[in-house]
Visitor: 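I'd like to ask you about the structure that follows.
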Amino acid sequence: MGTWKTRSSSKKQVCYISVPAQIINSVSSSSLHSFLDNKSSKKKHTTSKFSNLRNPKLWALSLFLLTVLGISLRLSLCLSSFGFGDHESQLQSSDSNVSPKYHLGFAYSRSNATQVEISNAKDRSLDTGVEKNETFGGDGSHLITSDRNGHGDKNEFWKQPDGLGYKPCLDFSIGYRRESKKIARERRKYLMVVVSGGLNQQKIQIVDAVVIARILGAVLVVPILQINLIWGDESEFSDIFDLEQFKSVLANDVKIVSLLPASKLMTRPSEEGGMPFNASPQWIRSHYLKRFNRDGVLLLRRLDSRLSKDLPTDLQKLRCKAAFEGLKFSPRVMEMGKKLAERMRSKGPYIALHLRMEKDVWVRTGCLSGLCSKYDEIVNIERIKRPELLTAKSSMTSNKRKLAGLCPLNAKEVTRLLRALGAPRDARIYWAGGEPLGGKEALKPLTSEFPNLYNKYDIALPLELKPFAKRASIMAAIDYIVCKESDVFMASHGGNMGHAIQGHRAYEGHKKIITPNKRHMLPYFVNTSMSKTEFEKMIKKLHRQSLGQPELRVSKAGRDVTKYPVPECMCKQATSTI
């Protein structure tokens, strides 16, 4: 409230009034002038009606009332601008009336809080006591979140594909179910298989072994995992996969046993390793049934991609059933993978990348890493020493291979693609894959643009991964789980793991997956005349139909149903009209 003082004078008494600046700002200049300009009213307003204005008590009372009125008006304006009791939309509309300084200050403080939160998350290595994030849910389906700049708009990058109503449907034909009853009584024919390679190669061969056993009407002995000479992994089937789940889920399709019965232990199996590529059910029956009738036990090796991808519908459904429902990881592997996935999602949605930037990948593909001449020389020397490793056409230069879309994306290209598609800078990214050629230097383009980049070693607590240290397939299984559970997934170079996760995410509801359109997009990467806006517009256009939407397997011959489960393994469910 204003204060006043008096000073004695032989001629007149003068009042000095101190008024807070906030009150002066809330009163118009004309109103204030009418109260303080005594000089102008001295000559013209001398009637008794205005003589009371010279009374100091009246001045004090008037000023008090004016102060109360000003404070009330200003308080009501503040309350309405902050939107107490109003909807969020009113808050957004009132923001336009706030001065730019307030906007900048709010955005700055929010940004600082976000950076501190991210920094703290890194420091404590995503502790184990993470609660499930209620905003984003457990599986990321139907995920639409606000953007990271404090606005309430939907962020398109995290938006999930529609799915077009496709759901898993594994309804087998009457003839298939009738045949199943005969197979359940089988006790004479036993199929043994030895599977090789890394985790995802093993999975493909195990799925094909299930289908081959069904074609032959044989009992399947749990597949033997060949010891990998490169990684020295001695894991058995039950170390990686849930054996009981495998048996029970497929019980009505193929009889599965852990060991040969005692009556067959002394039988020398008929070994066959000459199955051609794209072998049909007819070829399998014509070549193997006679041996079964003679020896009772058949041993198959080198099944990798030998069985035809175009099979009768019932056998395609069996492929999906084995891959997505029967072949689950063992409980302890699932527990570890889910735990890491929950830590990644503890702060919101996350991206998973399968990066293929290892030395052997650059050697085998005939491509260069794009790092520097030192690493190019390392790759070229290895390629000369071991020419058998080169899987691409030897007549093509590395540059031609890249422009043809045959090379893995390096970290710089992955970064530009993600930014062009709208990935926010503070997005949390999990990367799977082996040690890249060049180590941390190879990942610098990613970490400089997306600082929240982690792999399993970054987010696991000390000793958590120690039990799996010499189990390359189990480590790959952990990566598989975290990638499958992510909100967005992208592989830099296809491969078995990328294909398997693509099909698995489709089967579970067409969760978003980015399939880099390398052949068409790379020319724009080297076009320096394009503006950033033009570049991003073109990249989004090229990937409009490559973000995990349902894609028919039958639209292209030879596609694997476990990568494209529509239409054999997924169908549109009838919707209710209620």
Side-chain angles (χ1 to χ4, degrees), residues 121 125-130 132 138-140 195 197-204 206 225 227-228 230-243 245-246 323-324 326-347 349-358 361 428-436 443 452-492 495-505 508 511 513:
S125 187
L126 303 167
D127 58 35
T128 53
V130 174
K132 182 178 178 180
D139 60 0
V195 300
L199 171 72
N200 293 287
Q201 286 176 289
Q202 292 172 344
K203 287 180 64 180
I204 292 171
I206 292 169
L225 308 188
I227 297 176
N228 194 295
I230 298 176
W231 300 297
D233 190 343
E234 299 180 359
S235 300
E236 296 183 358
F237 186 97
S238 58
D239 294 326
I240 304 172
F241 304 105
D242 188 333
L243 179 56
Q245 169 88 1
F246 185 62
F324 304 137
L327 210 53
K328 300 286 187 181
F329 294 117
S330 65
R332 69 170 187 157
V333 174
M334 284 295 296
E335 181 184 4
M336 189 70 250
K338 290 278 190 180
K339 189 181 293 184
L340 298 189
E342 287 171 4
R343 289 177 194 169
M344 284 301 301
R345 184 169 282 113
S346 64
K347 302 295 182 182
Y350 70 96
I351 305 167
L353 301 176
H354 184 216
L355 301 179
R356 304 303 311 279
M357 300 193 297
E358 302 95 323
V361 173
R428 297 158 65 77
I429 300 179
Y430 180 92
W431 71 274
E435 179 72 15
L443 295 176
N452 301 317
L453 184 69
Y454 311 98
N455 64 9
K456 54 182 171 287
Y457 301 105
D458 297 322
I459 59 178
L461 295 177
L463 306 181
E464 274 189 314
L465 295 176
K466 187 176 180 180
F468 315 119
K470 295 183 179 180
R471 307 287 185 176
S473 291
I474 293 180
M475 288 293 204
I478 292 171
D479 275 340
Y480 185 100
I481 295 166
V482 183
C483 288
K484 185 181 74 68
E485 294 296 316
S486 67
D487 301 282
V488 179
F489 172 75
M490 184 177 85
S492 66
N496 291 324
M497 180 170 170
H499 294 169
I501 291 177
Q502 176 178 333
H504 212 147
R505 288 171 70 88
E508 292 188 350
K511 295 162 68 178
I513 178 170

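Note that the numbering runs from 1 along the sequence shown for the chain. Keep in mind it's a predicted model, so treat the numbers as computed, not measured.
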Visitor: Tell me the closest heavy-atom pair linking Leu243 and Ser238, and the distance in Å.
Guide: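 Where Leu243 meets Ser238 most closely, the heavy atoms are CB-CB, 4.4 Å.
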Visitor: Is any side-chain heavy atom of Met475 closer than 4.5 Å to a side-chain heavy atom of Leu465?
Guide: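 The answer is yes, as the side chains (C-beta and beyond) meet within the 4.5 Å cut-off.
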Visitor: Roughly how far apart are Ile206 CD1 and Phe237 CZ, rounded to 0.5 Å?
Guide: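 Taking CD1 in Ile206 and CZ in Phe237, the distance rounds to 5.0 Å.
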Visitor: Closest heavy-atom contact between Ala477 and Val333?
Guide: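 Nearest heavy atoms, Ala477 then Val333: CB-CG1, 3.7 Å.
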Visitor: Quick one: sort the Phe329 and Tyr480 rings into parallel, tilted or perpendicular, breaks at 30° and 60°.
Guide: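 Because their plane-to-plane angle is over 60°, the rings of Phe329 and Tyr480 count as perpendicular.
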Visitor: Can you see which heavy atom on Ser346 is nearest to which on Arg428, and at what distance?
Guide: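 Heavy-atom minimum between the residues: OG-NH2, 3.9 Å.
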Visitor: In a check of side chain to side chain contact (heavy atoms under 4.5 Å, CB included) between Leu340 and each of Glu342, Lys338, Met336, Met344, which one passes?
Guide: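 Result for side chain to side chain contact (heavy atoms under 4.5 Å, CB included) with Leu340: Met336.
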Visitor: Once you round to the nearest 0.5 Å, how far does NZ of Lys339 lie from NZ of Lys456?
Guide: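 Separation between the atoms: 16.0 Å.
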Visitor: When rounded to the nearest 0.5 angstrom, what distance separates NZ in Lys203 from NE2 in His499?
Guide: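 Nearest 0.5 Å value for the NZ-NE2 distance: 13.5 Å.
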Visitor: Counting distance only, does the side-chain N/O of Arg505 pair as donor-acceptor with the main-chain N or O of Lys484 below 3.5 Å?
Guide: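 The answer is yes, because a donor-acceptor pair under 3.5 Å joins these two groups.
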Visitor: Quick one: pull up CG in Asn496 and CD1 in Ile501 and give me the separation to the nearest 0.5 Å.
Guide: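 Spacing of CG (Asn496) from CD1 (Ile501) equals 11.0 Å.
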Visitor: Looking at every heavy atom in both Gly498 and His354, which two are closest together, and how far apart are they?
Guide: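 Scanning both residues completely, I find the closest heavy atoms to be N-ND1, 4.2 Å.
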Visitor: As an exercise, state the distance from CG of Leu443 to CG of Asn455, rounded to the nearest 0.5 Å.
Guide: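 So the CG of Leu443 and the CG of Asn455 are separated by 9.0 Å.
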Visitor: Is it true that a side-chain atom of Ser486 and a backbone atom of Tyr350 form a donor plus acceptor pair closer than 3.5 Å?
Guide: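 Not confirmed, Ser486 side chain does not pair with Tyr350 backbone.
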Visitor: Quick check against the 3.5 Å criterion: does Gln202 have a side-chain atom that pairs as donor or acceptor with the backbone of Gly197?
Guide: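 It does hold such a pair.
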Visitor: I would like to know whether Met357 and Glu435 meet side-chain contact (heavy atoms from CB on, under 4.5 Å); could you show each step before the answer?
Guide: CA-CA 8 Å; Met357 300 193 297; Glu435 179 72 15; over 6 Å; no
Visitor: Is there a side-chain contact (heavy atoms from CB on, under 4.5 Å) between Arg332 and Ile474 once you walk through the steps?
Guide: CA-CA 10 Å; Arg332 69 170 187 157; Ile474 293 180; 4.0 Å; yes
Visitor: Can you give me the closest heavy-atom contact between Gly337 and Ile478, atom names plus distance?
Guide: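 Closest approach of Gly337 to Ile478: CA-CG2, 4.2 Å.
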Visitor: To the nearest 0.5 Å, tell me how far Asp239 CG sits from Ser330 OG.
Guide: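 The CG atom of Asp239 sits 7.5 Å away from the OG atom of Ser330.
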Visitor: Any salt bridge linking Lys466 with Glu464? Criterion: basic side-chain nitrogen under 4.0 Å from a carboxylate oxygen.
Guide: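 No, this pair does not count.
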Visitor: So which atom in Ala341 and which in Glu485 form the shortest heavy-atom distance, rounded to 0.1 Å?
Guide: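 In terms of heavy atoms, the two residues are closest at CB-CB, 4.0 Å.
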Visitor: Go through the side-chain N and O atoms of Tyr430 and Asp458 and say whether any donor and acceptor fall under 3.5 Å apart.
Guide: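 No.
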Visitor: Take Leu461 and Arg343, measure what side-chain contact (heavy atoms from CB on, under 4.5 Å) needs, and give me the verdict at the end.
Guide: CA-CA 11 Å; Leu461 295 177; Arg343 289 177 194 169; 4.0 Å; yes
Visitor: Could you tell me whether the side chain of Asp242 and the main chain of Lys328 form a donor-acceptor pair under 3.5 Å?
Guide: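 Not confirmed, Asp242 side chain does not pair with Lys328 backbone.
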Visitor: Donor-acceptor pair, distance only, cut-off 3.5 Å: does the side chain of Asp479 make one with the backbone of Ala432?
Guide: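 No, Asp479 side chain to Ala432 backbone: no donor-acceptor pair under 3.5 Å.
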